[in-house]
Protein chains: 2
Amino acid sequence: MTLPESAEPEAAVAPGPAFSPLYQQIKALLVRSLQAGEWKPGEAIPSEMELAARFKVSQGTVRKAIDEMATENLLVRRQGKGTFVATHAEDHIQYRFLRLMPDDGSPSGMARQFLDCKRMRAPAEVARALGLKSGESVVWVRRTLSRNGAPVVLDDIWLPAAPFKGLTAERLSQYAGPMYGLFETEFGVRMIRAEEKIRAVAADATSATLLAVSSGAPLLSVERLSFTYGDRPVELRRGLYTTASHYYRNELS
Amino acid sequence: MTLPESAEPEAAVAPGPAFSPLYQQIKALLVRSLQAGEWKPGEAIPSEMELAARFKVSQGTVRKAIDEMATENLLVRRQGKGTFVATHAEDHIQYRFLRLMPDDGSPSGMARQFLDCKRMRAPAEVARALGLKSGESVVWVRRTLSRNGAPVVLDDIWLPAAPFKGLTAERLSQYAGPMYGLFETEFGVRMIRAEEKIRAVAADATSATLLAVSSGAPLLSVERLSFTYGDRPVELRRGLYTTASHYYRNELS
DNA sequence: GAGTGGTCTAGACCACTTC
DNA sequence: AAGTGGTCTAGACCACTCC
């Protein structure tokens, strides 16, 4: 069965009938609604019964679509209350993407300090990663995160200038909360997932100064490419982490 | 509803009725069967219909239990064939837990070389991590992984001596395949999940020699604690990775 | 064709939240 | 009490694999 709404363009060359279950089609429609901003981050989406009626399928089918979106962290279910659009802007979800933990328990808050924020032409490497044409404008941000007064993270961040028009150091400093929260509420750009490439590098002169370590000290280099809906890359971030009293935590399964 | 078989010991102090859905109880029973070795890694478990009959529940309930175990990588579903116990010993699943990727595409095979394998008393730190009594025996293994003749990984591995009785350098060298495959087939110990703590460190003299880098060169330190069924830790591994031509890949969501 | 997992439905009831 | 998500059932049919 195929929903009437879904065009389902059949590739002329790739022959496979590419059977797509109903719930996958529902899921695609829901993602499009999220992308279009029909429901904003933090808001509730319609109930399963309503969606089932809208799409003319059973509740179970809607359920399976939502289930997958919940495990992908696009939606959050709350029993008795409803299903909500995931967000980076909630107090208890701070730093959803930051895996750096202090050696001594508490993953408490970190102090943000913005060092620079400039509009510039995208370096070739950045343009490639973000899928921009060579020479297009990007916004470059440099900032540090400190714990107990000591700098721990030095981030260089590149964002395509177009969707982030109006991003200034001032604006960044005023916003209390994670950057991804600001991106959501001020620019309507939601980070869905990210890929990281991690290396050990030696601190160069400027990094060493900014992180208060000696030149040549080993640092964790974390290169992160973040994606919005539709797997469009919208942020390249290169973090340098000091790992003397912190570690990057990962779970394998 | 509660399955008659499940004892469900009620904590005297913690009062909550702790409602447990049927499918969770089924899941717990299936995990116990895996733990007991009723079905070995790579083998098929009974069909959903058979299990439904055995547990006197509907197929859908068994399905949901299996679904969760599949997303936890305990089981693998193959449409038309059956549901199989996950394993580290399959050719195409090589290095399930190794996230190190070469800069130039192909994650091809690596050459293993075992440098040492000794029985010793557990250092305090190791004992603590593995939940052993101070002074209990462990097996210590040191090995390297090389790509294209160049060493890339130096691993120090500590295993509780009891379950790994008879593990020798000889035995390790002869086995073609990942260590976790050998652990499964030879010692019946299956690694289910792992936690890693990642840091950047400077190479000390011996590491530098073994990895053919200069002393003080930055290396990625990956401390991995691996768990079997029931969240029992059974391996502590400290890897040093050279990241000049490789990177540690991670996905965030 | 028989057996397996995968999808979809319709309906009942449960647990949680809010009013 | 009403509305939400969460569980469970029973049955039909589909897609894939193997014989």
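To find a chain, count down the sequence lines: A is the first, B the second, and so on, and within it residues start at 1.
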Nearest whole angstrom, please: distance from the [atom2] of [N] to the [atom1] of [X].
| X | N | atom1 | atom2 | result |
| --- | --- | --- | --- | --- |
| A:E50 | D:dG3 | CD | P | 11 Å |
| A:F19 | C:dT7 | CZ | P | 7 Å |
| B:L51 | C:dT4 | CG | P | 11 Å |
| A:M49 | D:dA2 | CE | P | 15 Å |
| A:Y23 | D:dA15 | OH | C1' | 13 Å |
| A:E48 | C:dA15 | CD | P | 17 Å |
| B:R63 | D:dC14 | CZ | C1' | 12 Å |
| B:K56 | D:dC8 | NZ | C1' | 17 Å |

Quick one: ring pair (Phe, Tyr, Trp, His ring centres under 6.0 Å) partners of [X], sequence neighbours excluded?
| X | value |
| --- | --- |
| B:F114 | none |
| A:F97 | A:H88, A:Y180 |
| B:Y229 | none |

Output one line per pair: protein atom, nucleotide atom from nucleotides 10-13 of chain D, and distance, for all N/O pairs under 3.5 Å.
none

Using the closest heavy atom to pick a nucleotide of DNA chain C for each, name whichever of A:K81 or A:K64 lands nearer the 5' end. A:K64
5'-most contact on DNA chain C: A:T61 or B:G82, nearest heavy atom basis? B:G82
Between A:R224 and A:E196, is there a salt bridge with N-O shorter than 4.0 Å?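 A salt bridge is present here (some side-chain N lies under 4.0 Å from a carboxylate O).
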Are B:K197 and A:D103 ion-paired here, with the side-chain N under 4.0 Å from a carboxylate O?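 Between A:D103 and B:K197 there is no salt bridge, as every charged N stays at least 4.0 Å from the carboxylate O atoms.
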Listed by chain and number, what are the side chain to side chain contact (heavy atoms under 4.5 Å, CB included) partners of [X], not counting sequence neighbours?
| X | result |
| --- | --- |
| B:R63 | B:E48, B:R77 |
| A:E195 | A:R193, A:F227, B:R249, B:E251 |
| B:V76 | B:R78, B:A86 |
| A:S33 | A:E38, A:W39 |

Can you tell which of D:dT9, C:dG5, C:dT9 lies closest to the side chain of B:S47?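 When the side chain of B:S47 is considered, C:dG5 is the closest of D:dT9, C:dG5, C:dT9.
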Close residues, residues 66-80 of chain B, relative to DNA chain C [heavy-atom separation under 4.0 Å]: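 Here the set is B:R77, B:R78, B:Q79, B:G80.
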